[in-house]
Amino acid sequence: CGLISVSDTLKPDSKEAIRQLHGQHLKVVMLTGDNQQTAQSIAAQVNIDDVLAEVRPQEKSSKVKDLQQEGARVGMVGDGINDAPALAQAEVGLAIGTGTDVAIETADVILSSGSLIGVPRAIRLSRATMNTIKQNLFWAFGYNVILIPLAAGILYPFETLPLMLRQLHPILAALAMAFSSISVVGNSLRLYKANIK
């Protein structure tokens with residue numbers, strides 16, 4: 001008598017990647033063609049929230065669509081040919097860099113390291129980028145809100161102020177514009193020091 005058992009092995013960093021995703025208040029769903037028992041076993045090892053098992057390749061994108069219709073914003077991680085339609089359907093498709101060319105071409109983000117730890121890192125980087133964009137828009141609008149009334153002559157009646165300010169001399173306008181650009185670029189460069197690890 002004998003018994004042969006075959007199963008997928010977990011990547012060593014899978015559990016840590018799921019832990020970090022949970023730390024970002026994200027729900028993690030496994031979408032797989034494996035049978036329910038195998039999928040549940042793997043999910044239990046890494047604390048995955050929900051399992052959609054025994055899904056045929058052509059059904060993956062419709063499962064993603066179902067999640068979207070429930071109000072979820074979906075980020076799909078995949079590496080195979082069968083994952084390409086689901087990667088395209090998701091709001092954000094993330095392809096493992098060691099996967100197939102089709103998956104890589106279809107995805108919005110390519111995790112070149114081939115590690116799942118890249119998923120929470122990519123999310124942290126995207127959130128830091130969006131925060132920087134909002135800050136830059138705030139400062140850019142702030143400069144305009146202040147300087148447009150000056151350019152329109154709001155200070156002109158105040159004779160005690162220098163004429164350069166009262167009429168907003170072109171040199172001052174150029175300096176303000178340059179300072180606005182420098183502050184936006186400088187703020188953006190802070191992304192190099194953003195904590196995304």
Side-chain angles (χ1 to χ4, degrees), residues 1-134 191 193-197:
C1 290
L3 174 67
I4 297 174
S5 176
V6 180
S7 66
D8 289 332
T9 55
L10 282 169
K11 290 189 176 184
D13 54 7
S14 297
K15 191 167 187 174
E16 176 60 18
I18 303 298
R19 187 192 68 75
Q20 289 185 26
L21 289 170
H22 284 149
Q24 294 173 348
H25 310 292
L26 297 170
K27 181 180 179 181
V28 182
V29 178
M30 178 191 285
L31 181 62
T32 179
D34 290 340
N35 68 58
Q36 189 72 34
Q37 187 175 355
T38 302
Q40 289 289 356
S41 171
I42 295 290
Q45 292 177 55
V46 291
N47 299 320
I48 287 176
D49 301 310
D50 199 4
V51 176
L52 300 173
E54 300 177 19
V55 180
R56 293 191 184 107
Q58 63 270 23
E59 294 174 343
K60 285 188 175 182
S61 62
S62 65
K63 292 290 183 185
V64 169
K65 194 180 289 186
D66 291 344
L67 291 170
Q68 290 169 327
Q69 287 172 348
E70 291 171 13
R73 287 184 293 172
V74 179
M76 168 74 185
V77 182
D79 63 355
I81 294 171
N82 298 335
D83 296 325
L87 288 168
Q89 176 63 44
E91 273 82 5
V92 179
L94 298 101
I96 305 295
T98 54
T100 63
D101 290 342
V102 175
I104 290 170
E105 286 295 322
T106 306
D108 303 300
V109 178
I110 295 119
L111 306 172
S112 57
S113 67
S115 168
L116 289 177
I117 286 292
V119 176
R121 285 186 69 201
I123 293 169
R124 281 193 293 273
L125 178 59
S126 68
R127 287 178 175 170
T129 302
M130 286 305 299
N131 284 337
T132 301
I133 289 169
K134 288 173 186 173
L191 280 171
K193 295 186 178 181
N195 184 18
I196 61 166
K197 293 190 175 162

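Because the structure is predicted, anything quoted here is derived from the model rather than measured.
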Exercise. Could you pull out the closest heavy-atom pair between V74 and E91, with the gap in Å?
Key: N-OE1, 2.8 Å
Self-check item: Under 3.5 Å donor-acceptor, T132 side chain and A128 backbone
Solution: yes
Exercise. Give a yes or no on this: more than 12 heavy atoms of other residues, nucleotides or ligands lie within 6.0 Å of atom CD of E54.
Key: yes
Quiz item: With sequence neighbours excluded, what pairs up with E16 under the salt bridge (charged side-chain N to carboxylate O under 4.0 Å, His left out) test?
Solution: R19
Quiz item: Distance-only, no hydrogens or angles: does the D49 side chain make a donor-acceptor pair with backbone N or O of V29 under 3.5 Å?
Solution: no
Quiz prompt | Smallest separation among heavy atoms of V102 and A84, with atom names | solution = CG1-CB, 3.6 Å
Quiz item: In this structure, are over 12 heavy atoms from other groups packed under 6.0 Å from L191 atom CG?
Solution: yes
Quiz item: Could you state the interatomic distance from NZ (K27) to NE2 (H22), rounded to the nearest 0.5 Å?
Solution: 10.0 Å
Exercise. Can you see which heavy atom on A122 is nearest to which on L94, and at what distance?
Key: CB-CD2, 4.3 Å
Self-check item: R56: partners by side-chain contact (heavy atoms from CB on, under 4.5 Å), with sequence neighbours left out
Solution: Q58, E59
Quiz item: Could you give the distance from CG (D13) to OG (S113), rounded to the nearest 0.5 Å?
Solution: 8.0 Å
Practice problem: Go through the steps to decide whether Q20 and R124 satisfy the test side-chain hydrogen bond (donor to acceptor under 3.5 Å, both in side chains), and finish with yes or no. | Solution: CA-CA 10 Å; Q20 289 185 26; R124 281 193 293 273; 3.1 Å; yes
Quiz item: Between V46 and I18, which heavy-atom pair has the shortest distance, and what is it?
Solution: O-CG2, 3.2 Å
Quiz item: Can you find a heavy atom in the side chain of I42 that is under 4.5 Å from one in the side chain of Q45?
Solution: yes
Quiz prompt | Spatial distance of atom CG (L111) from atom CD1 (I117) [nearest 0.5 Å] | solution = 11.0 Å
Quiz item: What's the spacing between K60 NZ and T32 OG1 if we round to 0.5 Å?
Solution: 6.0 Å
Self-check item: Closest contact, heavy atoms only, L87 versus A107
Solution: CD1-CB, 4.5 Å
Quiz item: So, does Q89 use its side chain to make a donor-acceptor pair with the main chain of M76 at under 3.5 Å?
Solution: no
Quiz item: Looking at OG1 of T106 and CG of D83, how far apart are the two atoms once the value is rounded to the nearest 0.5 Å?
Solution: 9.5 Å
Quiz prompt | Evaluation steps, side-chain contact (heavy atoms from CB on, under 4.5 Å), between I96 and L116 | solution = CA-CA 8 Å; I96 305 295; L116 289 177; 3.8 Å; yes
Quiz item: So which heavy atom on Q24 is nearest to which on P120, and how close?
Solution: NE2-O, 3.2 Å
Quiz item: Distance from L52 atom CG to Q36 atom CD, nearest 0.5 Å?
Solution: 8.5 Å
